[in-house]
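Report on one structure; see the data block that follows.
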2 protein chains.
Amino acid sequence: MTETTTTWTIAQMADDYDVTHRALRHYEHLGLLAPDREGQRRIYHRRERTRLALILRGRRLGFSLEEIATILDMYDDQPGEVGQLRYLLSQIGDRRQDLERRRRDIEDSLRELDELEQRCAEDVARLS
Amino acid sequence: MTETTTTWTIAQMADDYDVTHRALRHYEHLGLLAPDREGQRRIYHRRERTRLALILRGRRLGFSLEEIATILDMYDDQPGEVGQLRYLLSQIGDRRQDLERRRRDIEDSLRELDELEQRCAEDVARLS
DNA sequence: CTTGACCTTGGCGTCAACGTCAAGCAGGAT
DNA sequence: ATCCTGCTTGACGTTGACGCCAAGGTCAAG
């Protein structure tokens, strides 16, 4: 339980998260990641790993990298001003609505899939 | 309650579903839609409307049009052979796994959003 | 000192999903 | 007859998200 590798290289990142190093550079180019440098080389800390995890989850959900950027920004800032906080809260509301819509879509899809499977299974039973 | 417009023009489709007619032609080009013709003009029936609804839901969920095509095919075929049915059942399984993964992602996201909102609300309370 | 592994920065290529003209037909209104 | 509206088929342009080189730096091993 000692602190061993608290940092990672680009190859380790690519390997751990199953992305190409081209993709990592691309995310960095768009400001989604900002690894340190050790000389030339990129050095990734835990922050980048959690960010990358969020990016990939966002991609799986079909968000564009631009949308993902704003989401990451949401989690980044710890604004001191009440105005900023209120704005953030409204953003959170928007995002929640979006996600809930997607969830409804998914649940509808799953229900329809169930029906199809049912009919399918019946047909197999009848024919076998 | 009479049968009035059981068919639709491309403009009505575009209007009802809030897509461009270019998109409709694109979906047709990819074989996702197959409207009738009346002379030159495209004529859409209810079948195309349900298909379009599925397409758009698929897009909202981040599926590619190619994936959507295979999904539509799933619902299209009513295969007579047991082999085909078994294959369809396996496809249904795959799709369900995919959807359930997405649902987990969404629920994780919603939970994190809740936490963020909580902290945010606390900060606002403290500052006001 | 050279090789090889791993990294770097450009920068052009590609694919999907359309957008955006251009040019033209078809039919009703003026 | 011509005009307008709504549609048609190309066909090239665009944007996002990378793929895929090319050309070279760095550092430990042989």
Side-chain angles (χ1 to χ4, degrees), chain A residues 4-45 48-49 51-73 98 102 105, chain B residues 4-45 48-49 51-73 98 102 105:
Chain A
T4 55
T5 351
T6 188
T7 73
W8 293 265
T9 135
I10 195 169
Q12 290 172 317
M13 293 292 282
D15 206 55
D16 291 353
Y17 290 90
D18 195 34
V19 293
T20 66
H21 95 253
R22 181 65 181 86
L24 290 171
R25 295 209 309 110
H26 185 55
Y27 299 152
E28 181 177 346
H29 183 69
L30 298 184
L32 301 184
L33 296 178
D36 277 8
R37 299 304 168 106
E38 187 166 280
Q40 291 255 80
R41 273 79 185 293
R42 290 170 173 79
I43 299 293
Y44 296 84
H45 298 91
E48 311 305 316
R49 288 175 76 88
R51 291 196 134 229
L52 181 53
L54 283 176
I55 292 169
L56 297 179
R57 194 176 65 193
R59 300 250 346 97
R60 287 196 303 269
L61 292 177
F63 290 108
S64 74
L65 294 181
E66 197 175 337
E67 290 173 298
I68 293 173
T70 78
I71 298 176
L72 286 175
D73 285 353
D98 187 347
R102 283 163 199 256
D105 280 339
Chain B
T4 56
T5 353
T6 188
T7 73
W8 293 263
T9 134
I10 195 171
Q12 290 172 319
M13 292 293 282
D15 207 56
D16 290 354
Y17 289 91
D18 195 32
V19 293
T20 65
H21 92 254
R22 180 66 181 87
L24 289 171
R25 296 210 307 109
H26 186 54
Y27 298 153
E28 180 177 345
H29 184 69
L30 298 185
L32 301 184
L33 296 178
D36 277 7
R37 299 305 167 106
E38 188 167 282
Q40 290 256 78
R41 272 80 185 290
R42 291 171 172 80
I43 300 293
Y44 296 82
H45 297 91
E48 309 306 316
R49 287 175 78 87
R51 291 196 135 229
L52 181 53
L54 283 176
I55 292 169
L56 296 179
R57 192 176 67 192
R59 299 252 346 98
R60 286 197 304 269
L61 292 176
F63 290 108
S64 74
L65 293 181
E66 198 174 338
E67 290 172 298
I68 293 174
T70 78
I71 298 176
L72 286 177
D73 285 353
D98 187 347
R102 281 163 201 255
D105 279 339

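Convention: sequence-line order gives letters A, B, ...; per-chain numbering from 1. The structure presented is a predicted model; accordingly, all values stated were derived computationally and were not measured.
Contacts of A:F63 with the nucleic acid, taken as non-hydrogen atoms under 4.0 Å apart, are absent. Among the heavy atoms of the strands lying under 4.0 Å from A:R42 are primed sugar atoms or P, OP1, OP2 only; no base atom is included.
Within the 4.5 Å cutoff, the side chain of B:T7 has no heavy atoms near those of the B:E38 side chain. In this structure, B:L24 and B:L52 have side chains that are in contact, with non-hydrogen atoms separated by less than 4.5 Å. Side-chain contact between B:I71 and B:L54: absent, with no pair of heavy atoms (C-beta onward) separated by less than 4.5 Å. B:R25 places none of its side-chain heavy atoms less than 4.5 Å from the side chain of B:L33.
Within the 3.5 Å criterion, the main-chain N or O of A:H45 finds no donor-acceptor partner in the side chain of A:E48. Judged by distance alone, the side chain of B:R60 and the main-chain N or O of A:D105 form no donor-acceptor pair under 3.5 Å.
Applying the 6.0 Å contact sphere to CD of B:E67 captures more than 12 heavy atoms from other residues, nucleotides or ligands.
Mapping B:R22 and B:L65 onto DNA chain C via the closest heavy atom, the residue that lands nearer the 5' end is B:L65. Toward the 5′ end of DNA chain C lies the nearest nucleotide of B:S64, the other residue of the pair B:S64 and B:Q40 mapping further downstream.
Along DNA chain C, read 5' to 3', the first and last nucleotides having any atom under 4.0 Å from a heavy atom of chain B are C:dA17 to C:dT20. Taking the 5' to 3' direction, DNA chain D first and last meets chain A under 4.0 angstrom from a heavy atom at D:dA17 to D:dT26.
A:E28 pairs in a salt bridge (charged side-chain N to carboxylate O under 4.0 Å, His left out) with only one of the listed residues (A:R37, A:R22, A:R51), which is A:R37.
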